[in-house]
Structure formats: structure tokens, C-alpha cells
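Here is the structure we will look at, set down as C-alpha cells.
Basis for what follows: all heavy atoms, side chains included, without hydrogens, waters or symmetry-related copies. These numbers come from a predicted model, not from an experiment.
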Amino acid sequence: GKAPTSTINRLGIANNDTKQTNFDWYLFYAMAKDYAGKPMCEVGIGDGGSSLTLADLTDKLDLIDSWHQTWVKEPVQDIYEQLKHPAKFIDSKSVDVRPKQVQKYKFVHLDANKAYIDVYDDLCFYSQHCTGLICVDDYLQSMWPEVTRAVDDFVHRTNWNRILIGNHQVFLCKKKE
């Protein structure tokens, strides 16, 4: 398979800061690549780093962000235009996305909300649209304890299991029936 930094390298912007060498991003790429070519979704784009990893794996990529924080959409959108990647940008808060705006995904990466109710709502909504894995960022991070609590409550109350926990991510899949 392709290295997770191949998209960044093609743009000629790779340096020591953008090379995805830490263990969590290796896990992210390794887990997502099982769904290469399948529909994927990133919720909370930020500066686009993890979405570029997904873009390297699929042309069926939905990118959801409200762009109301410190992140700016245009530089991320410019990168996708340079790559001629057909990513679909959905400009919305994750909690405002409606079922008709999304599809069935094989891999969903949640990295938008940090408040308990919003993380829990994201998990409830996107789990209905995911037939593979959900990766939740900021799990077990001391500065975002509500993310961990929301994930733990979601797993306790639903048919989803934790299958892998990294340094700041957790991967979830449905329990076998």
C-alpha cells in the first residue's frame, strides 16, 4: 500500500513536522487502509492532516466542518484542488448534519467536538452511517475528559466495542451479532 505521507510528498510540502511517524498516526493509517477505495468521512478537519491520509486511500471522502474555530477552510480546499481530489466538503457543525447529506461509510474519523453531549450525539449519528470502523480522536486526553466519558458511555449503551486504543485515539466497531 501507499505510505501515509505520499499525498503530502506529492505536493512537495513534506518536512519533519508533516511526516506522520508517531505511533498513533501509524495506527490511524493502518486501520483506515483496510477500507481503501471505500467511502470515508472526516468530521472536524482542522488543518487537513488526517483527512489527507484518508484522501490517499479513497476518492469517496466526505469532509465535515463548520470552520468556526481557528481553522480556515480555504488552505485545505486549495490542497484538495491541487490534488484534483473529489472530496465533498460539507460546511456544517457535525450536530447539524442531516442524514440526506451523508452516505454509508466504512471508516469515520470523529475529531470535531469535545463536549460530552456533542461527542455522544456525533457517535449516535455517525454510527448509524458506518458499517466499518469509527476512530475517535482525543480519547484518554487529560485536556478533553468529556470525549473519553462520551465514548465510554456510548460503548456501554450500544452494540459498539473498543477494538484498539492508541495514545489519543480509540477505534470502535460493531459487536458481532
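Going from atom CD of E42 over to atom CG of D65 covers 9.0 Å, rounded to the nearest 0.5 Å. One finds the SG atom of C130 at 9.0 Å from the CG atom of L172 (value rounded to the nearest 0.5 Å). In this structure, the separation between NZ on K38 and NZ on K104 is 15.5 Å, given to the nearest 0.5 Å. For the atom pair D121 CG and D96 CG, the distance stands at 10.5 Å (nearest 0.5 Å). The distance from atom CG of L61 to atom NZ of K88, rounded to the nearest 0.5 Å, is 11.0 Å. Distance check, rounded to the nearest 0.5 Å: CD of Q169 to OH of Y139 gives 12.5 Å.
Screening H85, M40, K106 against T58 for a side-chain contact (heavy atoms from CB on, under 4.5 Å) leaves a single residue, M40. Results of the side-chain contact (heavy atoms from CB on, under 4.5 Å) test with S127 over I134, N159, T158 single out I134 as the only residue that passes.
One hydrophobic cluster holds both L110 and V102 under the rule that ILVMFWY side chains link at heavy-atom gaps under 4.5 Å. Hydrophobic cluster membership is shared by V136 and I165, with clusters built from Ile, Leu, Val, Met, Phe, Trp and Tyr side chains linked at under 4.5 angstrom. F171 and L140 fall into different hydrophobic clusters, where Ile, Leu, Val, Met, Phe, Trp and Tyr residues are linked whenever their side-chain heavy atoms come under 4.5 Å apart, directly or through other members. When hydrophobic clusters are built by joining Ile, Leu, Val, Met, Phe, Trp and Tyr residues whose side-chain heavy atoms come closer than 4.5 Å, directly or via intermediates, L57 is grouped together with I45. F89 and L54 fall within a single hydrophobic cluster, where Ile, Leu, Val, Met, Phe, Trp and Tyr are joined by side-chain heavy atoms under 4.5 Å apart, directly or via other members.
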Would you tabulate the side-chain donor-acceptor contacts of residues 111-118 under 3.5 Å, counting partners in other chains and residues two or more places apart, or write 'none'?
residue: D111; atom: OD1; partner: K114; partner atom: NZ; Å: 3.0
residue: N113; atom: ND2; partner: S94; partner atom: OG; Å: 2.7
residue: N113; atom: ND2; partner: D122; partner atom: OD2; Å: 2.8
residue: K114; atom: NZ; partner: D138; partner atom: OD2; Å: 2.5
residue: Y116; atom: OH; partner: D153; partner atom: OD2; Å: 2.7

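Residue A87 comes nearest to L63 through the heavy atom pair CB-CD1, 3.8 Å, listed as atom of the first residue, atom of the second, then distance. Contact between G46 and V76 at its shortest, heavy atoms only, is O-CG2, 3.7 Å. Residue V147 comes nearest to V119 through the heavy atom pair CG2-CG2, 4.0 Å, listed as atom of the first residue, atom of the second, then distance. Nearest heavy atoms, G48 versus S51: O-OG, 2.9 Å. Between L123 and A150 the shortest heavy-atom distance is CD1-O, 4.1 Å. Contact between N161 and V155 at its shortest, heavy atoms only, is CA-CG1, 4.3 Å.
Checked by atom type and distance alone, the side chain of N167 never pairs as donor or acceptor with a backbone atom of D24 at under 3.5 Å.
Under the 4.5 Å side-chain criterion, counting only non-hydrogen atoms from C-beta, D137 is in contact with H168. Taking 4.5 Å as the limit, some side-chain heavy atom of I163 sits within range of a side-chain heavy atom of M31.
Under the ring-ring contact (aromatic ring centres under 6.0 Å, His included) criterion, F125 pairs with H129, not counting sequence neighbours. With sequence neighbours excluded, no residue forms a side-chain hydrogen bond (donor to acceptor under 3.5 Å, both in side chains) with R149. Every salt bridge (charged side-chain N to carboxylate O under 4.0 Å, His left out) that K73 has, sequence neighbours left out, goes to D91.
Pairs passing the salt bridge (Lys or Arg N to Asp or Glu O under 4.0 Å) check and including a residue from residues 159-172, sequence neighbours excluded, read D152-R162. Evaluation of the ring-ring contact (aromatic ring centres under 6.0 Å, His included) test over residues 37-75, restricted to residues two or more places apart or in two chains, returns none.
Between W25 and H109, the ring planes lie perpendicular to each other; the angle is over 60°, past the 30° to 60° tilted range. Classification of the F154-Y120 ring pair by plane angle, with boundaries at 30° and 60°, yields perpendicular.
If you look at F28 and F107, their ring centroids are closer than 6.0 Å.
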